[in-house]
Amino acid sequence: MKKIVAIILALTMVIGITACGKQEPAQAGTGTADAAPSEVVFYYSVNFEETNWDPAYWTAPDDTGLGSVIYEPLFEYQADGSLKPALALSYEISEDNLVYTIKLREGVKWQKGYGEFTSEDVKFTIERQTDPEVASINGKNLNVENIASVECPDAYTVVITLKSIDVDFLTRLSMFYSFIVCKAYSDKEGKAALNTVPVGTGAFEYVSGTLAVKTEAVANKDWWGDREGGNIDRLVCTYIADENTGYTAFENGELDILRSSNLDKTREYVGKGFTDVQSPKLSLLYIGMNMQIAPFDNEKVREALFCAVDPQYYIDNLFYGTETLAGSYIPFGSKYAITDYFKPSYDPEKAKALLAEAGYPNGLDIELWGGNDAHGQAPVIIAADMLQKGGFNVSIQLVDFGVYIDKVRKGEIPVWCFYNTTSNIADDTISRYKSEFYPGNNWSGICDAEYDNLVDAGFAAKTEAEKAEYFAAAQKRLMDLTVIYPVTTNSTHMLCQPGLKGVKIYGDLSFRATTIVK
Amino acid sequence: MAENKMLRIKDLRVVFPVGGKQIHAVNGVSVDLAPGEALGVIGESGCGKSVTFSSVLKLIQSPPAMISGDIELNGRSIMDLPEKEMQKIRGKEVSMIFQEPMRCLNPVEKIGVQIAESLRLHEGMTMKQALNRAVELLKMVEMPDAEQRIGCYPHQLSGGLRQRAMIAIALACSPKLLIADEPTTALDVTIQSQIIRLIQKLRKETGMGIVFISHDMGVVASLVDRIAVFYAGQIVEQGNTRDIFRNPLHPYTAGLIKCIPRLDTESRRLYTIRGSTPNLTTIPEGCCFAPRCPYATETCRTVKPEQTAFPGGRSCACHHAASLN
Amino acid sequence: MISYILKRIISAVPTLLGVFLAVFFAVRMIPGDPAEVMLGANATQEQIDIYRESHGLNRSVGEQLVIALKGFATGDLGTSVSYSRPVSEMIGTALPSTIELALVGVVISSVIAVGLGVLAAAKRGRWPDILINILSTVGMSLPTFYIGLWVLTIFASKLGIIPVISNRPDIPHYKTLIGPVITMVLGLTLVRTTRSSMLEIMEEDFIRTAKAKGVSRKSILFRHALGNALIPIITMIGYNLASAMAGAIVLETVFVRNGIGKLLIDAITVRDYPMIQGTALVIAALMIAANILTDIIVALTDPRIRVTGES
């Protein structure tokens, strides 16, 4: 009898839990249950999902996988650096370059019935950057401290007054951190509501999502914009952490598109008839040194390292010709990047000679650090091999990102090989190497008064040309210090199923399914 | 005569291969049992008595064991019977009870169910009928509160009660032969005598034959008609109980009898047979008992003694049997 | 029995507190800061400071401990640093999926493994035994993710029976379990336990009794031997269930299933302290629950244990 009770107990648990388990996907998929069969569904994935839907917390436009199709900025950043009106129609800048009068698009509807988009939403979006309750991390990016006031003379006009000239202010308004959020929604549901469900004006409307699992969005029928023939009715964005699983799913046709960080795989699939879309080059592969740590405080040692690196080898063997020489530590896709200053000369014999001059005739022991992910390891191993030939005795330290970033910020890593992505305005990367940011974001320990002055002058510039001039000078100064070796450009690859049309990666590296024809 | 025997074992040999060596557990045992007869089987542990009678139910896994000779039950040889046929004999014609009732009962099944299993197998009873019969059987083995006890698990019973349950299982299908393999060895002395009396009573009531295996001459004395003394895988002497006790022919038998503690002796020390049982991996040339025998001569050590018949249906394998007599 | 269960549950509380404290300090000892990891390579100190302040990371470890302990006492697991959502809410969404996977996987793989173990014991030393032994050795020695990837390649890519991405709306629910369950079955951890317990019990005296009663070989194997071997087997299944809760980490990652294991892995990557603490605590609680459940089922199966528990 008791045995039967035991068996029944066990079975009940199994069945009970199985039933619970069944309920949950049904709930998650309520939006799809009644989907019309003719609906065109676009499947894609992200490999890491930060599921906070509030752009105030994002560090990139695609943190959520869907952010840049749900929200829209006032202006859309184009790959060539120009701006295209989005929620804004036109703008006027006062003669003193401090007052921006922006005319807004009329008749734009907020999703989920939150009424019409107005100037109040723009004011709200900007002002919440300084709201301690919101605790936005992007206030600095928008340079919000430089904004004196935001006024709304009428529903379709917004007037922004700056404290001092900011030649990139309009560009800032085109970035993901300036995505306009809905005031009526925040007022009604509370400030934290923006974390959980996004309400935007964009081409797609959020339907449902399970955190760290997947998100679904449907085409916004009221969208003002032009889909250029795109026919996607529904987006399903799945979170796939394991790289191999992603490739298997893509090959199986379960994903229409796959962000591919393995170039060997990318080439293999292109060979099989899939297509590859490459992003603008807003990232680069570089070798950095900390010039505060011996022996890299010795200029001869740094020069020796520069001589030992062969960027062409990377281009030919790691990137199969899809990338080019970097030219500066600011990538090409970024404003103010200089493109032709850095001319590396590969000469391992000279490297050895320089090391001998520096007092290391029998070679120099160094620890080369890098990330332990599949994507990050290969360049480190290649670099170690090259440096070995140039007279360095390299031991490799591959660690996880958390450990790496902690140590490098504390100034505990002497030399590393890493990828770096810069925003469209180069401000972040240019300014991080100022002396005040060491230890911290200035990983290389560059404490150079001349560089600091050039950067400050760039930020104070009254015109774009002037800023470009100072920033170019700053970059040259930094390159002359021979402390950051920009090896090659680096870009994202999107593998597409055959027949997929209209796939674009935008100038801000965002991927939007709006124009896709499936 | 031969047709009248219910059990006939002829020149049984059992060899166990163990780690490259061979253990000759049983070395040419021949013994008979008439219907209703009670045979006592005496010998020290490891002398082959259990193996011999386990072979009657083919409980010895073969292979690995190598079994030769012949065993007949009611005139039918079981040596080549298929497993299915043996299953019909086991528990139905011949039953067996064992030494440690705790370990011989299934610990996770109730007593009643364990008794019922045989009845359902051999008598085709339903569970309900079988359980009713189980109560009767428990009453028959004098189990107190039989109705309640069928719902008990083995660990809830005392050693004596467990052995009664074991006997009830064995007797469930009224077998013609009960092989009791040291059924009292693990029990207290008072319980021992209760069980012996019970077996005596049951024998009278059912008229079944009994093979009572024990290492203790004293225990079997009152119970059996005939005694077979085992030593080193052989029978060294058999005969009527009374004859054997009065006049043991084999020095080993004599030793065993001397080992029984008696109240009427002057001696303060218990008698022991010096030495220990031989290693069964090799069969010695001469008499197996010779190394321990006080009467051993050169002949004993080199020439194997044959079974010799003596008056009164007795037999003995000893060169000196006649002279000792 | 009920008082016994209560006692077990109460005695689990100090264990859980111990786990909680151990995890609390362990995660803070790993180099790396949640704000630094979340904000990435280009984060300025200013951004990091804002992030740390808004997520309570600027407080001293002592203060954080007090807050965490208060939360532990009141059942509040805090707010995830990376998701900005209550940890309990995140776990609540993920938990049914993990428990479902663990239970279904363990039940199915147990039935198969016990079957194979009994077969191996019955055919001891002959080819089925040898074959099963080889299979289970291979299964046990290969890492789960490796088996998982092969299952994915074979069943999803080559045969097209199962989906790679489990949480698609157009996939029937049962199909999403096939891949992980096959992987768990191929692990075959229970085969050896079953085989050895069966062989041990087949040597017991009561098996000889059953044989002497005339019980058939099949009945001896399944009723008498397996009936007794079930006790070590259930104990092992319970252990498997407990480890399956933790082992779900790998399966959930490979088979793109929602679940608590995946939450934990992500949380460790980004140093999401409250999430690591919460998921580790829940996994520990599940393991303890699986152990208690096992003990209860064993007690119900084994009459000997039940009586001592009662007395």
Side-chain angles (χ1 to χ4, degrees), chain A residues 2-3 5-6 9-10 13-14 17-18 20-25 28-29 32-33 35 43 48 50-52 57 59 135-137 140 195-196 210-214 236 238 240-242 244-245 248-249 251-252 254-255 400-403 405-407 409 418 420-422 428-429 432 437 440-441, chain C residues 30-33 36-47 50-51 53-54 82-85 90 93-94 96-97 99-101 103-104 107 145 149 152-153 156-157 160 163-165 167-170 173 176 253-256 258 262-263 265-266 269-271 293 296-297 300-301 303 306:
Chain A
K2 295 280 181 179
K3 224 181 272 182
V5 174
L9 198 80
M13 274 208 57
V14 174
I17 298 295
T18 315
C20 293
K22 270 180 189 147
Q23 265 172 12
E24 170 247 335
T32 41
Y43 294 98
F48 183 69
E50 289 174 41
T51 27
N52 192 321
Y57 303 110
T59 55
S136 166
I137 58 162
K140 182 81 177 173
N195 296 344
T196 44
T210 314
L211 288 178
V213 178
K214 66 162 179 183
V236 177
T238 309
I240 300 179
D242 188 85
N244 289 311
T245 307
T248 314
E251 194 170 350
N252 235 16
E254 290 177 39
L255 292 175
D400 101 318
F401 183 68
V403 174
I405 196 143
D406 194 56
K407 291 185 95 72
R409 288 185 69 95
F418 214 71
N420 186 49
T421 303
T422 298
D428 53 352
T429 304
R432 70 186 277 189
F437 297 121
N441 203 21
Chain C
I30 324 170
D33 178 273
E36 287 176 351
V37 179
M38 285 303 299
L39 298 179
N42 291 322
T44 62
Q45 194 58 44
E46 195 184 344
Q47 286 178 314
I50 295 171
Y51 200 89
E53 199 182 326
S54 64
S82 52
Y83 295 104
S84 306
R85 235 51 84 81
M90 299 287 300
T93 325
S97 173
I99 295 180
E100 176 197 47
L101 176 61
L103 277 180
V104 174
V107 167
F145 76 86
L149 284 178
L152 210 55
T153 310
S157 282
V164 179
I165 301 170
N167 43 40
R168 276 175 62 150
D170 50 342
H173 183 67
T176 66
T253 308
V254 173
F255 289 99
V256 198
N258 181 23
K262 210 171 64 165
L263 279 187
I265 283 292
D266 294 345
T269 314
V270 299
R271 310 287 194 274
L293 191 71
I296 292 169
I297 293 177
L300 289 174
T301 317
R306 197 172 72 238

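Chain letters run A, B, ... following the sequence lines, proteins first, then strands; residues in each count from 1. This structure is a prediction, so every number in the text was calculated from the model and none was measured.
Contact detail for C/Arg85 and A/Asn195: the closest heavy-atom pair is NH2-O, 3.2 Å. Annotation for A/Asn441 and C/Ala41: closest pair OD1-O, 3.4 Å, computed over non-hydrogen atoms.
Of the listed residues (A/Asn420, A/Thr248, A/Asn244), the greatest number of heavy-atom pairs within a distance under 4.5 Å of chain C belongs to A/Thr248. Between chain A and the residues C/Asp33, C/Ile50, C/Ile265, the most heavy-atom pairs under 4.5 angstrom are made by C/Ile50. Counting heavy-atom pairs under 4.5 Å between each of C/Ser157, C/Ser54, C/Ala94 and chain A puts C/Ser157 at the top.
Residue contact with chain A, scored on non-hydrogen atoms closer than 4.5 Å, involves the backbone and the side chain of C/Leu152 alike. Interface remark: C/Gln45 contributes backbone and side-chain atoms alike to the contact with chain A (heavy atom separation under 4.5 Å).
Looking only at distances, no side-chain donor or acceptor of A/Asp428 sits under 3.5 Å from a matching main-chain atom of C/Asn42. Side-chain N or O atoms of A/Thr245 include one that pairs as donor or acceptor with a backbone N or O of C/Val254 at under 3.5 Å.
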| request: Before giving the answer on side-chain contact (heavy atoms from CB on, under 4.5 Å), spell out for C/Leu149 and A/Asp242 the whole-Å C-alpha distance, their side-chain angles and the decisive distance to 0.1 Å. | output: CA-CA 10 Å; C/Leu149 284 178; A/Asp242 188 85; 4.1 Å; yes

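With respect to A/Phe401, the side chain to side chain contact (heavy atoms under 4.5 Å, CB included) criterion is satisfied by exactly one of C/Thr269, C/Val270, C/Val37: C/Val37. Checking each of A/Asp406, A/Val403, A/Ile405 against C/Arg271 for a side chain to side chain contact (heavy atoms under 4.5 Å, CB included) leaves exactly one that passes, namely A/Val403.
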